[in-house]
Structures are given as structure tokens and as C-alpha cells.
Colleague: 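Here it is, the structure, as C-alpha cells.
Labels below follow one simple rule: chain letters A, B, ... track the order of the sequence lines, proteins then strands, and each chain is numbered from 1.
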Number of protein chains: 2
Amino acid sequence: MQQRSEETRTRILEAANRLFSQAGYENTSVAEICQEAGVSKGALYHHFPTKQAVFLALLDAWLAGLDAGFLIARQQTQDVPSAILQMADLVGNVYQTAEVKPAILLEFWIHALRDPVIWQAARAPYQRYLSYFAELIGEGTRQGSLQPVDEPLAARVLTSLAVGLLMQSLFGAQDVNWQHESRQSIQLLMDGLLPRRETQ
Amino acid sequence: MQQRSEETRTRILEAANRLFSQAGYENTSVAEICQEAGVSKGALYHHFPTKQAVFLALLDAWLAGLDAGFLIARQQTQDVPSAILQMADLVGNVYQTAEVKPAILLEFWIHALRDPVIWQAARAPYQRYLSYFAELIGEGTRQGSLQPVDEPLAARVLTSLAVGLLMQSLFGAQDVNWQHESRQSIQLLMDGLLPRRETQ
DNA sequence: GGCAAAATACCGACCGGTCGGTATGATTAT
DNA sequence: ATAATCATACCGACCGGTCGGTATTTTGCC
């Protein structure tokens, strides 16, 4: 029967997600994951060849979820600014759902820098997101709902904002509602800081 | 004589900076730091009570450097937008100087989340920066060089941008000049994305 | 200055404990 | 039966930190 097997695998991933988020990859032992999952070490190494493979599976799942979210956000909106704001909400939602602990994103990032395998797994989607955002912004410009800008640059700025907000939400005060913060931040980016005259 | 002592301490910190940046805190053993520094284990534990204390000393030094940079940036400029752009250059400079490896910033961040000692050491400066930025923006508004905005929000947006750019520079393409990218990003934030009409 | 005593700086072998991964056998489903 | 799934005992490597002892510098005294 493959249902029991599937369930075991899921329990392992959920446990690993919790523990990696809380204590980090290095500080989480395989034994702890097994205990948290209520599963033996043999079971874990039956489903995953290495500890890293568990981590990689989590990364893949997270990226798949992000993909799905972006797709939905685009479909639910008409003009580009709305779509971007919708995606900002998506990022904002990460802070509330207990499902995906934001801290594990830091783990993904830091390991991508050091492990070529993780790097490859994370870089391709990252590039895809950047291209997607640039394309989206170009679409907005053509619509007239955004002013003409350097599209790849704007895409990186958007990404920076999202990443930076996530980092700050991890580290920042509880008295800030990061759910709304992300939307407001994007709004501020769109409006701009400088007074409304020709500046360039 | 305290010169030899001082030199040993410095060598340990430099070695730790290199190794923590390359391999991360957990993946760098005390023995490796000693080897890289050309110093015995006894020497290290003579200067620092624990491995964590070495890390903390690095964090303090990094924050002190940032403080100094901000101070200089403010003194060298007249109006607020220029000061902000100058500070963006400061962040941009981090990518070029081999002195401080940007990757160690990630280490700082991730450990601040898990270690209360690190958390306290990093949080106070972080709050200070946010307040400083908010004050700076308020000053710009009073000058008329910035439009009136929610100042703490704008400060967090600025910080997000800086943090996000740093993260992307770690992870991103080499074909992007992150030195200029930070300045351009801030410029884009100031100009705004939306077409120039009244939007709120 | 010269010299012994005290303090500081440093060395490197060693220890208790942890970790990722393995080997082997038991259990379960088909 | 037999192949997939899981449990348990175990291994070798490694790690942070300690400790007894040594080298070097500073201090106190003449």
C-alpha cells in the first residue's frame, strides 16, 4: 500500500519544515526530525537518500506554492498594478499562515549560496520570477497603468522589496502589521517619494 | 606588551570573518578558525570565551562600520534625497569591498532569530537605523524635497530595499552591477512607478 | 640597567557528546 | 512469498570546549 508510505513521507516533511524553521538546518538533527514525525530513522532514510534531500523537497514544495499563488493573483486581476498588489498580499500572507514558516526561507537562501545543488534548484525559479515580473511591468506600461521604466530593474526592485519585507518581518517588531505593510510598501513604491514634478 | 595580543585577536577575527562568510557559522569549526589565523586553540579561547563571542565581535565591528558610513554620508550632503542616495552607495559599496563579505550579513540575520544574545545585539542598532531613516525622511518633507508620507513606513521600505538588494546581490547574476543597482533602485522608489497624475 | 617574580599570552592533546549515515532484521501489504 | 516499508543498534568522524603546562611580556625592586 502506498498510502501509508505517502503519509510517512508527508509527516517527515512537515516535521522537518517545523524544525528547520525553528532551529535551522544545521541545528536540526535527523534524529530530531524522526522523533517529531513519529517515525524511525530507517523510515526517513527509506524515503530520502540524505538529510539534504529532505531540505530540497521542502524547497521544491515552497516554490511550487509560490508559483501557484502568482498564477492565481494574475488571473484574479485585470490591470497590472492590481496584480502586483495582489501578489504583495500573497507575500503578506506568508506571515500569517502557520503553514510555511518564513524563517525557512532564510535557510533556503543561505544554503543556496553554499550548496551547488540547492543553488541550482533555487536559481532557476528565481530567474523565472524576475522575468515574469519584468514582463508584467512591461504589460502595465503598454496598458498605460504604469509609466515607462527599466523593466528588469523595476522587477528587481519589486523583488527586493518583497525579500526585504520578509526579512524585516522576521526580525522586526510585532507591533507592525506586516500583512498590510507589504501592500502599503508597494503602494508607496508606485506613488514615489519625490514631490510631483518632472524630476528626470 | 599588548601589541602581540591585539594582533592575535585581529587575526582571529579576520579568519573568522572569512570562514563564516564562506561556509557559515555552524560549518566553520573553531579548529579551522585557528588554523586559518595561524593560532592555537588555546589562544582563541584566551581572547574569546566562546565561539559565539567571536561571532558577536564581528557583528559589533560591522555595525560600527555601518554607523560611521551613515554619519559620513549625511555630513557630505545637503538635501535629504542626496543623503539617501549616498547611503545607497554605501550599501552598494559593500558588494565591492572584499573587506566585509556580504554573506556574513545573512549569518548575522539568521542567528539573530535564534540566539537571544545575538538578537539583542542586532535589534537595538536596527531600531536605531529605522528611527534615523524616519527622521531623515521627515526632514526631507519639511525641506520640501520629499513629499509627505508615513515616515516609519517609508523608513521600513527603504530598509527593505537595501536588504533585498543585498540578498539578491548574493544570489543574483554577475551581469548586474549591484554597485549602481542600489542607487538606481532608490531613484526608482523616489520617482515612483505610476504615471504622473494624482493617485491619492 | 639588570634580574627575579608575577602576569599575561599561548600551545596542543584530550574529552564527552553529537551527528549523519549504515547494516540488519522485523513487520506489513499484496 | 516477496517486495516495500519501517525499527533498532551501531559506527566512525567531528566538534566545542577544557586543562595542564610553556613561552613571552610586564612589573617591582635594587
Colleague: Quick one: B:Tyr25 OH to D:dC15 P, roughly how many Å, whole number?
Modeller: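 B:Tyr25 atom OH is separated from D:dC15 atom P by 13 Å.
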Colleague: Among D:dA4, C:dG21, C:dC10, which nucleotide sits nearest the side chain of B:Ser5?
Modeller: C:dC10
Colleague: Once you round it to whole Å, what is the distance between C1' of C:dG20 and CG of A:Asn27?
Modeller: 15 Å
Colleague: Side chain of A:Val39 only, please: which of C:dG12, D:dG17, D:dA7 is the nearest?
Modeller: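 Shortest atom-to-atom distance from the side chain points to D:dA7.
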Colleague: From the set C:dG21, D:dT8, D:dG16, return the single nucleotide nearest to any side-chain atom of A:Thr50.
Modeller: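 Selected nucleotide (nearest to the side chain): C:dG21.
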Colleague: Could B:Arg74 and B:Glu135 be called an ion pair, given the rule that one side-chain N must be under 4.0 Å from one carboxylate O?
Modeller: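 Result for this pair is no, no salt bridge flagged.
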Colleague: In terms of side-chain heavy atoms of A:Ser40, which of C:dC19, D:dT8, D:dG17 is nearest?
Modeller: D:dT8
Colleague: If you take the centroid of each ring, where Trp contributes its six-membered ring, are A:Tyr126 and A:Phe108 closer together than 6.0 Å?
Modeller: no
Colleague: Between C1' on C:dC11 and CD1 on B:Ile12, what's the gap in Å once rounded to a whole number?
Modeller: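 Distance check: B:Ile12 CD1 to C:dC11 C1' gives 12 Å.
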Colleague: Ignoring backbone atoms, test whether B:His46 places a side-chain nitrogen or oxygen under 4.0 Å from the OP1 or OP2 oxygen of C:dC11.
Modeller: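 For B:His46, the contact criterion (side-chain N or O under 4.0 Å from OP1 or OP2 of C:dC11) is not met.
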Colleague: In terms of the nearest nucleotide of DNA chain C, which residue is placed more toward the 5' end: A:Gly42 or A:Ala31?
Modeller: A:Ala31
Colleague: Taking CZ from A:Phe55 and C1' from C:dG21, how many angstroms apart are they, rounded to a whole number?
Modeller: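 Value for this atom pair: 19 Å.
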Colleague: Hey, is the side chain of B:His47 poking within less than 4.0 Å of OP1 or OP2 on C:dC10, counting only N and O atoms?
Modeller: yes
Colleague: Mark yes or no for a side-chain to base donor-acceptor pair under 3.5 Å between A:Lys41 and C:dG21, with no hydrogen or angle criteria applied.
Modeller: yes
Colleague: Measuring from the side chain of B:Val30 (C-beta onward, heavy atoms only), which nucleotide among D:dG16, C:dC10, D:dC6 has the closest atom?
Modeller: D:dG16
Colleague: Hey, are B:Ser145 and B:Gln143 close enough side-chain-wise for a donor-acceptor pair under 3.5 Å?
Modeller: yes
Colleague: NZ of A:Lys51 versus P of C:dG21: gap in Å, rounded?
Modeller: 8 Å
Colleague: What is the separation between atom CD on A:Glu6 and atom P on D:dC6, rounded to the nearest whole Å?
Modeller: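 To the nearest whole Å, that distance equals 11 Å.
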Colleague: Take the protein atom OH of A:Tyr45 and the nucleotide atom C1' of C:dG25, then report the distance between them rounded to whole Å.
Modeller: 19 Å
Colleague: For the pair made of CD in B:Glu26 and P in C:dT18, what is the distance, rounded to whole Å?
Modeller: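 From B:Glu26 CD to C:dT18 P: 16 Å.
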Colleague: Using distance alone, with no hydrogens and no angle criterion, decide if A:Glu26 and B:Tyr25 have a side-chain donor and acceptor under 3.5 Å apart.
Modeller: no
Colleague: Between A:Thr77 and A:Gln86, do the side chains contain a donor N or O and an acceptor N or O under 3.5 Å apart?
Modeller: no
